[in-house]
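Just so it is clear: chains get the letters A, B, ... in the order the sequence lines come, proteins before strands, and each one is counted from 1.
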Amino acid sequence: MLQMHSRKGSTDVHEFEGMFIGLPAYFKVTSVIGHVFSVDFPAKYQDWSATDPIDLFQAPIQKTEANPKAHICRHLSQEAHGCSHLVLWLDCDREGENICFEVIQCTGFQANDARRKVHRARFSSVTGKDILKAMNCLVEPNKCEAFAVDARQEIDLKVGVAFTRFQTGYFQGKYGDLDSRVISYGPCQTPTLGFCVQRYLQITTFKPEKFWALRPHIMVDGYELQLEWERHRLFDLDVALMFQKLVLQDRILEVTDMSEKQESKGRPPGLNTVNLLKIASSALGFGPQMAMQLAERLYIQGFISYPRTESTAYPSSFDFKGTLGALANNPMWGDYVQGLLSDGYHKPQSGKDAGDHPPITPMRSANEDMLERDAWRLYQYVCQHFLGTVSPDCKYIRTKVEFSIGGEFFHCIGLHVTVKGFTSIMPWLAVSEKNLPQFAKGDKIEVSKVELFEGQTAPPDYLSESELISLMEKNGIGTDASISAHINNICERNYVQVQAGRKLVPTALGITLIRGYQCIDPDLCLPDIRGFIEQQINLVAKGEADHSCVVQHVLEQFKQKYSYFVKQIDNMDALFEAQFSPLADSGRALSKCGKCLRYMKYISSQPSRLYCGTCEEVYYLPQKGTIKLYKELTCPLDNFELLIFAMAGPEGKSFPLCPFCYNSPPFEGIDTLFGVSKTGSSGKLGKGTGMPCFLCPHPTCRHSLIAQGVCACPECNGTLVLDPVSAPKWRLYCNMCNCLVLLPQGAHRIATTRERCPECDSTIIEVDFNKNTTPLEDGATLHSGCILCDDLLHSLVEVKHGKSFFKRAGRWARARGRGGHRGRGRGIGKMDPKMSFRDF
DNA sequence: GCAAGGTC
């Protein structure tokens, strides 16, 4: 029904009977989980090193299921089977409209099919009244709005990924202490960072100035009162001194005017997500990510309404009485609520109606013991805010008394609250009472002291998270649902750090990036960049421009910006050079390079990698773990010294790897054919599953694994590894003596066992044949045999017929029969280019 | 490994 998730975390189906367009009907109701599809590049463009980022601007894109494990598409297709009408109840915003068409696609409904009709329900809150109203005014889904989202997705993807890949490659390949795995760029995250850096630059370039202010003091009714100067402050000491002198010479103040004004402070409008996040950050100390998590949980538990909304206006159908009634017995606010119910609550201030969801309100009463501490604090705020919105405004009287002395004018202000209104439930917003003594026009009072206050202008503080959220909202950066994600993003990429008081302090990396954009193309980090994209796709949404024309037009502009950026990167690099250390000066010597045989340096800062200063090559390593030299062994494929990687955590698994193979896997496209794992049942080398024994040929796994002595060469006891030369003809190869061992072709899985061959004491391996790939007789599935003793294939085939090696009563026995045992090392030969191998 | 947008 909605793009919201049901409580159980599954897309349940509810079924019932009722009336639809005047006829009895059988209804089925189900849901999706946000977008069904997400957009990405085809596999061909996924390899960073093989794709020039500029090609991404013209690359095709494809939609794949956003959450393949949830099988939403299949679910929708199955449930839609046999249905004659499809009613779409997704959020009434642009993204919701786009999801409508994703659902249409999955269900197989056609837009213009008279027999299977598609309807769109427009509603902004889930109340019986609104739902019935929407059901009676069904419309068609808006293709233009959905196309606008398609356009945004394509532009965001291409621009973001192209810049990110280029920057990452360029700077990570040069500096050793950037401390971020990815140097990302995005039309939302980069302007967000831009705001933080802009404030930082204001602070660092700030020049403090001295100023002076006259502050006369008077004694009235035994109290000392300090008066404010009409000139506020002056930046010239001599002039300030002159005024001080004039005032001191006069010594007598005269009350020139008194005024009283009734003023009021309005109750707040309804609470939307952005305001909730701001309060959570500034008053409760929760970051946006955490605030959203807490709010989501409160929503799932039924304590508050849907927490992702832009609207601050309540729908006209909102049931205030019911909501107040739900809180009437609350131990914290029960009395206040009952007061509102009996004295009459106020209609809330009119706010912004974005047409999405009602403001965030309490749905159910809770007390402190029912919730965790942080959840309670957030819930408490939601309740207080809601009660504030239906409370009277705060009213107060503001008194201003004006004085003159020596030709200069001064004043003081008094405040007296007459109606506390909503501030009694939101006390932190209260107007503070300030009493003044009685004055009368024409009163003459002697000054007790005329202070010349010396102050200094101060820079603003770092941008607070709450200020940043305001700036993002004002500039249309992100949505209610994504603002927290963008802030989190720039923290995770190590561009900013959250410091005390939730202030965002940019790091050297964040500052250098923004300064770099500023000197090449300031547009890249200005908030207008998002505005530009929004403005362009608005044309699509309104049906004023063609979707693909707009996409092409915008991408063409960004492509030009990209080319210019690449051309000018030296200017940005000059800033990096001044701030960061080149790879050659980073890290400590760890292992030897297989090309130049000199030590490479291990750079531990993110992303951890090895750098060979002689070859000027970078070899990335697996992240988030520790890396050590592995027994001083070298990889037989490329002579690089092997390393052992241990994943983080006390029980972190470890595996050996070759830094060269890890970066350029020696095999390609054979993952479905051949994977090695001691315990894994899938036959593929799962990350962290089982104990791998041979080089992993999986091109995406990239774990170059080497035999751990379990397959020893019978000639010299060296380690056997998969031979790369002969791929796809699988052979084992000994790096010590160049022995070759033939392996059966078409194996689906090869794994070592704990068994030893009774003939030669070598490790027995198990070979798993997939029926579809095996060249052997039909029905051959799993066989075991010694790879060293005899012709392996014979063993394998004949195991099936019980003729060769076979397992009997748990031990291996030598087979009798055709061929028999042909001596140790048959099937092993010296590495010889002319050597012909048996064709399995 | 990359964007931003849904949502858990």
Side-chain angles (χ1 to χ4, degrees), chain A residues 2-11 31-41 45-49 51 53 56-57 59 61 63 65-67 69-70 72 90-91 93-100 102-103 146 148-169 172 180-192 273 289 292-297 299-301 306-308 356 472 476-490 492-493 529-530 533-534 537 555 558 606-609 620-624 663 700 702:
Chain A
L2 299 177
Q3 65 215 45
M4 292 172 252
H5 210 295
S6 64
R7 284 187 200 178
K8 277 193 224 157
S10 63
T11 48
S31 73
V32 293
I33 319 166
H35 276 285
V36 182
F37 299 108
S38 67
V39 67
D40 205 348
F41 295 108
Y45 295 88
Q46 298 293 351
D47 184 342
W48 288 41
S49 52
T51 311
L56 296 173
F57 289 97
I61 51 166
K63 283 195 171 195
E65 272 207 74
N67 186 356
K69 282 186 192 157
I72 299 295
L90 292 114
D91 283 7
D93 54 17
R94 217 174 260 175
E95 298 293 333
E97 217 59 29
N98 187 272
I99 302 174
C100 282
E102 295 182 339
V103 172
V149 171
D150 283 342
R152 179 196 55 71
Q153 289 176 339
E154 183 167 353
I155 295 164
D156 284 347
L157 174 76
K158 291 186 168 178
V159 174
V161 174
F163 275 91
T164 300
R165 286 194 191 170
F166 169 69
Q167 290 183 168
T168 305
Q172 289 296 11
S180 176
R181 259 170 65 191
V182 173
I183 314 295
S184 57
Y185 175 87
C188 285
Q189 58 171 273
T190 304
T192 302
T273 308
Q289 193 92 345
M292 281 318 290
Q293 279 168 11
L294 291 169
E296 260 156 28
R297 212 174 310 149
Y299 160 67
I300 298 284
Q301 293 171 324
Y306 190 60
R308 274 184 281 264
D356 51 357
M472 291 173 76
I477 309 283
T479 65
D480 48 17
S482 69
I483 278 181
S484 62
H486 297 309
I487 299 180
N488 200 46
N489 216 347
I490 59 171
E492 280 196 339
R493 299 277 152 78
I529 204 132
R530 188 80 211 158
I533 297 174
E534 288 290 328
I537 64 165
L555 284 177
F558 274 104
Q606 273 197 331
S608 53
R609 66 215 119 131
Y620 287 91
L621 296 169
Q623 304 295 313
K624 291 186 181 164
N663 284 270
T700 52
R702 297 164 76 101

(request) Between A/E154 and A/D480, just flag the one whose closest nucleotide in DNA chain B comes earlier from the 5' side. (result) A/E154

(message) Are the side chains of A/R308 and A/T479 in contact, using a 4.5 Å heavy-atom criterion?
(response) no

(request) Would you check if A/F41 and A/T51 make a side-chain contact, meaning some heavy-atom pair closer than 4.5 Å? (result) no

(request) Find the distance A/Q289:CD to B/dA4:P and express it as a whole number of Å. (result) 14 Å

(request) Grab the CD1-C1' distance between A/I99 and B/dG6 for me, whole Å please. (result) 5 Å

(message) Any side-chain N or O of A/T479 below 4.0 angstrom from OP1/OP2 of B/dG6?
(response) yes

(message) B/dA3, OP1 or OP2 - any side-chain N/O from A/H486 closer than 4.0 Å?
(response) no

(request) Name the nucleic acid region contacted by A/D40, choosing base, sugar-phosphate or nothing; use a 4.0 angstrom heavy-atom cut-off, strictly under. (result) base

(message) Which nucleotide wins on minimum distance to the side chain of A/S184, given the candidates B/dG6, B/dG1, B/dC2?
(response) B/dC2

(request) Would you check if A/D150 and A/Q153 make a side-chain contact, meaning some heavy-atom pair closer than 4.5 Å? (result) yes

(message) Expressed as a whole number of angstroms, how long is the span from A/L90:CG to B/dT7:P?
(response) 10 Å

(request) Classify the ring geometry between A/F163 and A/F57 as parallel (under 30°), tilted (30 to 60°) or perpendicular (over 60°). (result) perpendicular

(message) Taking the side chain as everything from C-beta on, heavy atoms only, tell me whether A/D91 gets closer than 4.5 Å to A/D356.
(response) no

(request) Starting at atom CD of A/E534, determine the distance to atom C1' of B/dG5, rounded to an integer number of angstrom. (result) 11 Å

(message) In whole Å, I'd like the distance from the CD atom of A/E97 to the P atom of B/dG6.
(response) 14 Å

(request) Tell me which of A/R165 and A/F37 sits closer to the 5' end of DNA chain B, going by the nucleotide each one is nearest to. (result) A/R165

(request) Identify whether a stacking contact exists between A/Y185 and B/dA3, where the ring centres must be under 5.5 Å apart and the planes under 30° apart. (result) no

(message) With a 4.0 Å cutoff (strictly under), does any side-chain N or O of A/R308 reach OP1 or OP2 of B/dG6?
(response) no

(request) Could you check how far CD of A/Q293 sits from C1' of B/dT7, rounded to whole Å? (result) 13 Å

(message) Heavy atoms from C-beta onward define the side chain here; which of B/dG1, B/dA4, B/dC8 lies closest to that of A/I300?
(response) B/dC8

(request) Give a yes or no on whether a donor-acceptor pair under 3.5 Å exists between the nucleobase atoms of B/dC2, that is its base, and the side chain of A/Q189. (result) no

(request) For A/R609 and A/Q172, indicate whether the former's side chain and the latter's backbone hold a donor-acceptor pair under 3.5 Å. (result) yes

(message) If the cut-off is 4.0 Å, is A/R493 near the phosphate of B/dC2, judged by side-chain N/O to OP1 or OP2?
(response) yes

(request) Compare side-chain N and O positions of A/Y299 against OP1 and OP2 of B/dC8 and report whether any pair is under 4.0 Å apart. (result) no

(message) Using the side-chain heavy atoms of A/I33, tell me which of these nucleotides is nearest: B/dG6, B/dT7, B/dA3.
(response) B/dT7

(request) Indicate, with a heavy-atom threshold strictly under 4.0 Å, whether A/V39 touches base, sugar-phosphate, or nothing. (result) base

(message) Of the listed nucleotides (B/dG1, B/dG6, B/dA3), which one gets closest to any side-chain atom of A/V161?
(response) B/dA3

(request) Between B/dA4, B/dC2, B/dT7, spot the one nearest the side chain of A/A481, thanks. (result) B/dT7

(request) Starting at atom CD1 of A/I483, determine the distance to atom C1' of B/dT7, rounded to an integer number of angstrom. (result) 17 Å

(request) Report which part of the nucleic acid A/P187 touches: base, sugar-phosphate, or nothing (heavy-atom distance under 4.0 Å, all strands). (result) sugar-phosphate

(request) Please report, rounded to the nearest Å, how far the P atom of B/dT7 is from the CD atom of A/E296. (result) 9 Å

